[in-house]
Peer 1: 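First the structure, which I've put down as structure tokens, then a few questions once you've had a look.
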Protein chains: 2
Amino acid sequence: MDDISNQDQAIELLQQLGLKEYEAKSFVALARRQHGTAKDISETSEVPRTRVYDAVRVLEWKGLVETQHSNPQVFRAVSIDEAINTLQSEYIDRTESLRGALSGLEPTDDEQTTEATHEVWSLSGDQGITSRAQQLIEGATNEVMLVVGHRSIFTAQLAEQLHAAQERGVDVIVGTVDKELRAEIQDVLPDIEVFVSGLNWLDQSPLPGDDTQISRLLLTDREAILVSSFTETTGDGREHEQGVFGRGFHNGLVAITRRLMATGLLFQDDPGEEDTAVS
Amino acid sequence: MDDISNQDQAIELLQQLGLKEYEAKSFVALARRQHGTAKDISETSEVPRTRVYDAVRVLEWKGLVETQHSNPQVFRAVSIDEAINTLQSEYIDRTESLRGALSGLEPTDDEQTTEATHEVWSLSGDQGITSRAQQLIEGATNEVMLVVGHRSIFTAQLAEQLHAAQERGVDVIVGTVDKELRAEIQDVLPDIEVFVSGLNWLDQSPLPGDDTQISRLLLTDREAILVSSFTETTGDGREHEQGVFGRGFHNGLVAITRRLMATGLLFQDDPGEEDTAVS
DNA sequence: ACTATTGTGATTAAGTGAGTGAACGGCTTT
DNA sequence: AAAGCCGTTCACTCACTTAATCACAATAGT
């Protein structure tokens, strides 16, 4: 049962990794039955027999399959670990080459128009958002206000960054959406103020049909802000983190957030059930 | 000059990593000029201006670009390191998922026809060939004969494997194509016999127009053989290692190799210039 | 020699991406 | 305020890649 799903998943993943449909199906078929002829593969993979040869030839070229040139030809899949290693090192090589190529790019000599005093950027993806949060926290000189909307974003790294900021004299204030998470974080960061936010709607949207989950809300030096949330836009089951980043004291977004967080965090160190947030 | 090449290379690599042409070009353009409008990107990237928006939207989704929703919109590329990290972790995630899915596959219950006594497999790719060589060396019980045809394949791992074989009582005999390589290997493996092979044609094909470079020639227990070579088949500049693997004492390929290596290696411990190899 | 099966190649259909242009809406300028 | 320009989105065509089928040559076994 589960193997059916595994099979489809493997085929899907292989295609995402650059294989064609026939190649992916043939490889999975071979992985299941260690070795087999074109006919065997065709029968267990729904790939037309006459196309198995092409697919397998590519797979061999990629180092995923070995071929016995007998009659009939017999094909064998390499071990799972070998296959994974081969694929991984292929992509690592490519990304490292890419790093070199990108580093060697000459910047265009066009006038780099200076930054506006207030900017609002939208970004996407776990990586980028986490990294932007890190930059903000590390660049803060006075104050860091953070609301953790989901436990998954409170990592050891984040804790370390907050601790470091606290150490160098920055006021660090952390808010959470529920008591459990608050206790958890307070435990890791004993010397930092951790509140339960009074902004109930952070955790659960008052709007029906809104399955957006706020994941973090960061305000540094009251002049830069990062808000991010999980949304399941594509139906592929995986959630995707999207966010907006704003900078500039007079930036409207930043101004609103400044007030919001002040209201929700500072006057709400004891969690009340009623929503006292927005005035 | 070199940057032109870097640019093209980066675009090519990004496409290999799954980006479309427009996406790759747009990203490279943005990477060069830190931030820019659709018009800017279009001018430095040859991407039609009206398609920049789609491309950049995808890039933002992948976490490689941030968008400022002003008018006109301004786009900014994330740092090179961030981009590389994002791409790498994306592929690592996929391969790890794949490992799980493949491991969970149920084997087909078809009759697994037993192996023929002599088999010849052809394989391809550095990884697979190296790994097969390792299996053979580690599985050897009596004798390992290896000719190193190119210094690039003599790795620390290989040396370690040979040493281990020697330690457990296996006769290990190593041949090389020239004196320099012989000295190098002998230095690393003092307790192993290292010869210069008399088979000159291993290093340089006597046939004109044959740019094939034999990379290794391995015979274990006189019953399994692995021959591999570098060929530049596709014009993409990168060399690809291909090989054949044979097993079974009476296997014709193995028999020939057995004689060949005996001739070339054992009776030729002092390198003569004349070819005395094939009788 | 005949037949069944394997392997190669040609051919067609379908889908995807590159490339182009039209239309809509907001902003600026006169 | 009107007109025009620019930015943005959308719809569409063309070309190319891939999926799918078929016809045929080669091989092995009977």
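For the numbers below, each heavy atom of this structure counts, side chains included, while hydrogens, waters and symmetry mates do not. Numbered from 1 within each chain, the chains take letters A, B, ... in sequence-line order.
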Peer 1: Hydrogens and angles aside, do Glu241(B) and Ser215(B) bring a side-chain donor and acceptor to less than 3.5 Å of each other?
Peer 2: yes

Peer 1: Carefully, step by step, assess Ile153(A) and Phe230(A) under the rule side chain to side chain contact (heavy atoms under 4.5 Å, CB included).
Peer 2: CA-CA 11 Å; Ile153(A) 70 115; Phe230(A) 292 123; 4.2 Å; yes

Peer 1: Classify the nucleic acid contact of Thr50(B) as base, sugar-phosphate or nothing, counting any heavy atom under 4.0 Å across all strands shown.
Peer 2: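 The answer is base, as Thr50(B) lies within the cut-off (heavy atoms under 4.0 Å) of a base atom.
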
Peer 1: When you look at CD of Glu46(B), are more than 12 heavy atoms from neighbouring residues, nucleotides or ligands closer to it than 6.0 Å?
Peer 2: no

Peer 1: With a cut-off of less than 4.0 Å, is there a side-chain N or O of Gln73(A) near OP1 or OP2 of dT6(C)?
Peer 2: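 No, Gln73(A) has no side-chain N/O under 4.0 Å of OP1/OP2 on dT6(C).
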
Peer 1: How many whole angstroms separate atom NZ of Lys25(B) from atom C1' of dA18(C)?
Peer 2: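 For the pair Lys25(B) NZ and dA18(C) C1', the rounded distance is 10 Å.
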
Peer 1: Tell me the interatomic distance from Gln68(A), atom CD, to dT6(C), atom P, rounded to whole angstroms.
Peer 2: 15 Å

Peer 1: Tell me the interatomic distance from Asn71(A), atom CG, to dA4(C), atom P, rounded to whole angstroms.
Peer 2: 17 Å

Peer 1: Need one value for Pro72(B): base, sugar-phosphate or nothing, where a base atom within 4.0 Å counts as base even if backbone is also close, heavy atoms only.
Peer 2: sugar-phosphate

Peer 1: Pick the nucleotide of DNA chain D nearest each of Glu46(A) and Lys39(B); which residue has the one closer to the 5' end?
Peer 2: Lys39(B)

Peer 1: Rounded to whole Å, how long is the line connecting atom NE2 of His69(B) with atom C1' of dG7(D)?
Peer 2: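 Those two atoms, NE2 and C1', are 15 Å apart.
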
Peer 1: Just how far is it from atom CG of Leu64(B) to atom CG of Leu19(B), taken to the nearest 0.5 Å?
Peer 2: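 Here the interatomic distance stands at 6.5 Å.
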
Peer 1: Could you please name the option among dA18(C), dT8(D), dT18(D) that lies closest to any side-chain atom of Lys20(B)?
Peer 2: dA18(C)

Peer 1: Between atom CZ in Arg49(B) and atom C1' in dT8(D), what is the gap in whole Å?
Peer 2: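 After rounding, the gap between these two atoms is 8 Å.
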
Peer 1: Is any side-chain N or O of Arg51(A) under 3.5 Å from a base N or O of dG9(C), one able to act as donor and the other as acceptor?
Peer 2: yes

Peer 1: Looking at dA19(D), I'd like to know if its phosphate oxygens (OP1 or OP2) sit under 4.0 Å from a side-chain N or O belonging to Tyr22(A).
Peer 2: no

Peer 1: How many Å lie between OH on Tyr53(B) and P on dG19(C), as a whole number?
Peer 2: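 Computing the Tyr53(B):OH to dG19(C):P distance gives 18 Å.
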
Peer 1: Considering just the side-chain nitrogens and oxygens of Arg57(B), establish if one lies under 4.0 Å of OP1 or OP2 belonging to dT9(D).
Peer 2: yes

Peer 1: Nearest whole angstrom, please: distance from the P of dG15(C) to the CD of Gln15(A).
Peer 2: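 In whole Å, dG15(C) P and Gln15(A) CD are 15 Å from each other.
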
Peer 1: Using the six-membered ring of Phe245(B), assess whether NZ or CZ of Arg132(B) lies under 6.0 Å from its centre and within 45 degrees of the ring axis.
Peer 2: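 Satisfied, under 6.0 Å and within 45°.
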
Peer 1: Please state how far atom CG in Asp40(A) lies from atom P in dT6(C), giving the value in whole angstrom units.
Peer 2: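 In whole Å, dT6(C) P and Asp40(A) CG are 9 Å from each other.
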
